[in-house]
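Everything on this sheet refers to the single structure shown next.
The basis for the numbers below is simple: all heavy atoms, side chains too, and nothing from hydrogens, waters or symmetry mates. Here is how names work: the chains are called A, B, and so on, in the same order as the sequence lines, proteins then strands, and each is numbered from 1.
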Protein chains: 2
Amino acid sequence: MTVSDALLPAALRHRTSFVLARLAALSRMHCAERLATLGLNQHQHAILCCLDEFGPAIQRDVAARLDLDSGDLVSFLDRLQTAELIRRDRDPRDRRRQILTITQAGQRLLNQAETLLDEAEPELFAGLAAAEVEQLRALAAGVLTRHTAQAWRHQGAPA
Amino acid sequence: MTVSDALLPAALRHRTSFVLARLAALSRMHCAERLATLGLNQHQHAILCCLDEFGPAIQRDVAARLDLDSGDLVSFLDRLQTAELIRRDRDPRDRRRQILTITQAGQRLLNQAETLLDEAEPELFAGLAAAEVEQLRALAAGVLTRHTAQAWRHQGAPA
DNA sequence: CCTATTCATTGGCGATGCCAGCGATTGGTA
DNA sequence: TACCAATCGCTGGCATCGCCAATGAATAGG
């Protein structure tokens, strides 16, 4: 029985959704702080990941992948572009589209971000063994894939 | 390899903080919907839990317990009070304080809320066995208690 | 051609979390 | 007793975030 056990009502401590919300808020703060030192927010980091891993893509596809509002994506991209972390080129074959490409500077910053986050997680999950963290991640990911698969069935697959 | 595995970059799928944030957002939506049918938000539910489990308390202590901004607490309580789910009585021995008490109607609604959430979790965590959900909760709670204990050491214990 | 659709962009709305300041009240101290 | 500091609840403001509607440019289909 730790101190915080006495603080929170048992009805909340035993509710998975509540505990998850709390932990996510903690995790969010923790990671957002680190990324902020590089001038990135979480979505911008995710965008760089996308472009780095899947190569150049148009905004619509990035938004679909990350489940971002296309309007919000624009402002994130604006900052990434002015920081020269990405390029935004009109598709000559469909001039409505903007082809997003991560720059070398973007890749370098992404590497720094990944390093920062790699260092942040052990600190965030202090008290849990590495295997337990992986277990936590796997369980959470299991729930997620289940739901994203459902969303797929309901509204059809993005490109 | 499920469909969503192909959607998200591996760099994000393997990052615990990212997966947790996603799951928490999903969980939040899921639970907030249910509670909204009772006219409650998550904080109001938590407040009712507090008053039900620990008995009458002043606003300062409830805010400390739930880590809520005292200003925000006021507006939550206003709605709870007009709905007659709680009573707000001035402490005769310290007229600055308001003593919060859950009413019988509040307890009835809290029971309904708990039932709703009990039903919501299996649906939210479909695909995970009950034991796995508990494992997920326990792991998350472990990280949380660790951090709340740290916060205690740094800024002293609330009453 | 003319119409419908797609894509990026802009703007606004509501909810949330956080912080500063204000009155009322109390406690401590000279 | 008189004064000063601290506490408690309350108000208001600000920044962020996710979500949605509307617009303009460009394309696709009949």
Proximity to DNA chain C (any heavy atom under 4.0 Å), residues of residues 67-97 of chain A only: A/Ser70, A/Gly71, A/Val74, A/Arg88, A/Arg96, A/Arg97
statement: Residue pairs meeting side-chain hydrogen bond (donor to acceptor under 3.5 Å, both in side chains), one or both in residues 25-41 of chain B, sequence neighbours left out, come to B/His30-B/Arg34, B/Arg34-B/Glu123
Could you pull out every donor-acceptor pair under 3.5 Å between side chains of residues 107-114 of chain A and any protein atom, sequence neighbours left out?
unit_1, atom_1, unit_2, atom_2, d
A/Gln107, NE2, A/Asp52, OD1, 3.4
A/Asn111, ND2, A/Gln107, O, 3.4
A/Glu114, OE1, B/Arg15, NH2, 2.7
A/Glu114, OE2, A/His45, NE2, 2.7

task: Keeping the roles fixed (side chain from A/Arg90, backbone from A/Arg96), state whether a donor-acceptor pair exists under 3.5 Å.
output: yes
Pairs involving residues 89-142 of chain B, ordered by first then second residue, that meet ring pair (Phe, Tyr, Trp, His ring centres under 6.0 Å) (sequence neighbours left out): none
Run the side-chain donor-acceptor check on residues 16-25 of chain B: report pairs under 3.5 Å with partners two or more places apart or on a different chain.
unit_1, atom_1, unit_2, atom_2, d
B/Ser17, OG, A/Glu121, OE2, 3.2
B/Arg22, NH2, A/Leu66, O, 2.5

task: Please state how far atom CD in A/Gln59 lies from atom C1' in C/dT6, giving the value in whole angstrom units.
output: 13 Å
query: If you take all heavy atoms of B/Leu12 and A/Cys49, which pair is closest and at what distance?
result: CD2-SG, 3.9 Å
query: Contact boundaries of DNA chain D with chain A (under 4.0 Å, heavy atoms), 5' to 3'?
result: D/dC17 to D/dT27
field: Atom-pair distance (CZ on A/Arg22; C1' on C/dG17), nearest Å
entry: 13 Å
task: Decide whether B/Gln98 and B/Arg88 meet the rule of one side-chain donor and one side-chain acceptor closer than 3.5 Å.
output: no
- prompt: Whole-Å distance between C/dT26 P and B/Arg60 CZ?
  reply: 17 Å
message: Under a 3.5 Å distance rule, please check whether A/Arg97 uses its side chain to pair with a backbone N or O of A/Asp91 as donor and acceptor.
response: no
